[in-house]
Amino acid sequence: MVAMQYNLHQLKCLRPLFTRFLHQNASPDDAKIYSILASSGLSKAVSSLFSSPSPFSFNLYQHLFSLCASNRSIIDARKVESHLTTFATTPPAFLINRVIECYGKCGCLSDARELFDEMSQRNGGSWNAMITAYAKNGCVEEGLSVFLEMYGCGVLPNEVTFASVLVCCGGVLELGLARQVHGLVFKLGFEGNVILGCSLVDVYGKCSVMGDARKLFDETENANVVSWNVIVRRYLENGEGREAVFMFSEMIRKDLVPMNYTVSNALGACSSIFALNEGSQIHGYSIKINFKEDYVVLTSLINMYLKCGALRDARVIFDRLGTRDLGHWTSLVSGYAKHGNIREARELFNEMPVRSLISWNAMLDGYTHLSQFEEALDFVILLLKEIRDIDYVTVGLILHTSAGLLDVELGKQVHGYCYRHGLCSNGFVVNALLHMYGSCGNLRSSRILFYHMGPQRNYYSWNAVLTTLARHKMSEEALIVFSKMITDSETKPSNYNCGTVLSICANISALNTGKEVHGFMVRNGYIVDVVATGALVDMYSKCHCVEYAFKVFQRAACRDLILWNCMLLGCSHNCKVDKVFELFELMDDEGVKPDNTTFQAVFIACINGSRVELGRRYFDAMSNKFFITPRLEDYESMIELYGRNGFMKDLENFIKDMPFDPTGPMLNKVLDFCRKHGHSSLGNWAVNRLNDMNPSDTYRYEPMEQVG
DNA sequence: GGTGTCAATT
């Protein structure tokens with residue numbers, strides 16, 4: 001790569017020399033134009049062509065066309081062409097090819113095509129120029145049709161042709177066509193060409209067949225930095241972040257120095273899989289290869305740190321950034337909001353020098369994400385004062401807000417807005433409407449919308465229906481809808497849908513249906529992700545099949561904290577007391593840090609198994625070893641544990657040592673235990689506290705009569 | 001002749 005850059009640099013230095021060379025060896029007529037060009041610029045030079053009614057040298061025309069192309073100066077280009085065609089009787093094909101290229105670069109395809117169609121003697125270069133012109137301007141179908149015509153005329157394509165044809169293939173995304181072109185590249189003996197190989201990898205990647213892309217890449221003998229860039233990029237785009245990061249590390253292992261864009265793509269891949277460790281390593285490496293100040297790399301670094309929740313690191317880079325654009329600000333606002341730091345997000349938002357609709361949407365998304373719907377609504381009012389044209393994202397978020405506030409009137413207003421602004425055909429918007437009407441209990445509207453969506457329905461729409469039915473105590477109907485979803489096979493259920501249905505099964509203890517869903521997933525080759533695994537574990541546990549739950553848990557490819565908690569809670573609720581303690585130790589061994597929910601499961605097990613001493617130890621370990629602040633429910637668990645087992649002295653010490661005043665329900669509990677186990681001093685203490693809290697009710701301590 | 005950062009989505 002270094003060598004290539006050097007050559008490019010050299011060429012740039014050579015250009016004035018070359019021009020002078022042309023100038024010096026030019027005919028007197030040409031020389032006049034060259035000197036006008038040097039002194040007064042392109043347009044003056046072009047105009048002065050017409051002072052001479054005879055043709056200039058082909059070299060001069062060629063030079064002028066290339067200047068017009070790089071300046072994208074279509075007016076001058078047309079003038080030069082007109083001079084050429086007027087005074088030179090039969091301009092050679094190569095010169096007409098340059099004109100076609102020039103028009104192509106200026107984006108004037110009709111001019112290019114007209115010229116191409118009028119050519120009496122085309123050569124291979126003419127076809128190439130035309131195909132390239134189409135490819136460069138995104139007219140990929142036209143490019144391909146010219147290519148087919150060319151092939152049909154018996155003109156053999158060369159590597160230049162294929163380079164543009166492959167760009168077109170990458171645009172139309174037709175895998176069959178790509179394979180045919182690949183076959184042709186091979187047949188005509190260009191398979192060793194790095195650039196074409198790279199383009200083919202690119203096309204396969206764009207068609208989402210990464211297996212083929214990778215195979216071809218591995219077969220490339222001398223892959224260069226561009227080839228590596230392509231493979232990393234396409235893995236990232238196809239959602240295979242891990243593989244993208246791996247390829248990047250391979251590239252470095254082979255001592256190739258990546259381009260800034262490749263570093264950026266690798267960082268994007270880290271973001272996509274939340275690989276903070278790898279991301280920071282790449283950060284270090286990027287400094288080593290002198291990208292410390294590179295705008296592209298820095299931007300991706302900020303984004304990576306934000307996505308991984310390392311807000312401080314992101315902020316440090318942001319603060320040091322020379323020029324910050326709207327994107328940087330918006331990224332930061334969105335990152336802070338997404339990680340729950342809504343106050344900082346808002347402060348940043350307020351500080352922004354300029355805001356776009358996207359910035360407003362990002363902030364609004366922060367509020368809705370945290371279910372702060374009142375704040376979201378206030379923010380919407382502000383937004384509407386500032387911004388005239390909102391888009392479907394804003395609309396979706398406002399609908400989400402109405403759903404959260406159960407405000408169907410607001411929802412209907414937004415629906416009207418969508419109707420007036422033609423947003424009702426947008427999939428996102430309709431789904432948001434579906435969700436809104438469902439949440440607000442307007443099942444009729446929700447049903448009509450769903451019916452009218454027809455083929456536009458996707459897994460999200462189905463999920464909206466499923467959750468709506470479940471929420472309105474129509475779980476059986478939800479199960480019927482799901483089975484319809486499968487039999488109609490209109491939309492393939494996503495992991496998400498399966499998870500929703502499993503949780504419905506769990507809630508109504510529909511073990512058989514739950515098993516069917518599980519079977520369906522296995523039979524249809526679903527990659528059961530960590531979320532779906534959690535849903536399965538939860539379903540089996542709640543249906544009292546804790547053994548099944550455990551099997552699913554053991555087979556999970558990865559176990560995050562939530563999944564551990566699912567399993568622990570499943571065991572606790574099914575009174576598998578010792579299993580809970582066993583799992584807790586295993587979890588610790590695997591290095592997964594417990595949270596409050598984990599301890600809830602542990603305390604339930606202690607209560608169910610009357611393991612008072614163990615419970616005490618866990619409660620202490622919670623703050624001392626794991627640095628987790630016990631919550632109200634943890635204190636409640638300990639009260640239950642001591643009280644239920646008659647550990648009245650411990651209960652008394654515990655409740656009087658709490659860092660906050662006991663709540664009413666806690667005191668009532670204590671009172672119950674005192675009555676049961678006969679502990680008058682604590683009982684009276686609890687009564688006094690209760691009476692202090694609520695002078696209108698009067699409590700009295702009366703020990704329960706001992707039974708039996 | 002190939003690659004190409006970053007921002008909001010129900």
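So that the names make sense, note that chain A is the first sequence line, chain B the second, and so on, each numbered from 1.
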What nucleic acid atoms does V393(A) come within less than 4.0 Å of, heavy atoms only: base, sugar-phosphate, or nothing? base
Whether F162(A) and F190(A) hold their rings parallel, tilted or perpendicular, with breakpoints at 30° and 60°: perpendicular
Flag as yes if Y261(A) stacks onto the base of dT5(B) (centroids under 5.5 Å, planes under 30°), otherwise no. no
Looking only at N and O atoms, is any donor in the side chain of S300(A) or the base of dT5(B) less than 3.5 Å from an acceptor on the other one? no
Does the pair E101(A)/K105(A) count as a salt bridge with the N-to-O cut at 4.0 Å? no
Can you see if the side chain of R355(A) gets near the phosphate of dA7(B) - specifically, an N or O under 4.0 Å from OP1 or OP2? no
Any side-chain hydrogen bond (donor to acceptor under 3.5 Å, both in side chains) involving residues 189-202 of chain A? Give me the pairs, sequence neighbours left out, ordered by first then second residue. D202(A)-K206(A), D202(A)-R234(A)
Please evaluate the base of dG1(B) for a donor-acceptor partner in the side chain of N158(A) within a cut-off of under 3.5 Å? no
Just to confirm, is there a sub-4.0 Å distance from OP1 or OP2 of dA8(B) to any side-chain nitrogen or oxygen of S334(A)? yes
Does the plane of the ring in F379(A) sit parallel, tilted or perpendicular to the ring in Y367(A)? Use 30° and 60° as the thresholds. tilted
Base, sugar-phosphate, or nothing: which does S199(A) touch, judged by heavy atoms less than 4.0 Å apart? sugar-phosphate
Mind checking if T299(A) touches a base, just sugar-phosphate, or nothing, with heavy atoms under 4.0 Å? base
Which part of the nucleic acid does N260(A) contact within heavy-atom distance under 4.0 Å: base, sugar-phosphate only, or nothing? nothing
Quick one: the side chain of N229(A) and the base of dG2(B), do they pair up donor-acceptor inside 3.5 Å? no
Can you tell me which nucleotide in dT10(B), dG2(B), dT5(B) comes closest to the side chain of V226(A)? dG2(B)
Answer yes or no: does a side-chain N or O of K307(A) lie under 4.0 Å from OP1 or OP2 of dA7(B)? yes
Does N303(A) place a side-chain N or O at less than 4.0 Å from the phosphate oxygens OP1/OP2 of dA7(B)? yes
Touch class at under 4.0 angstrom, heavy-atom based, for R234(A) against every strand present: sugar-phosphate
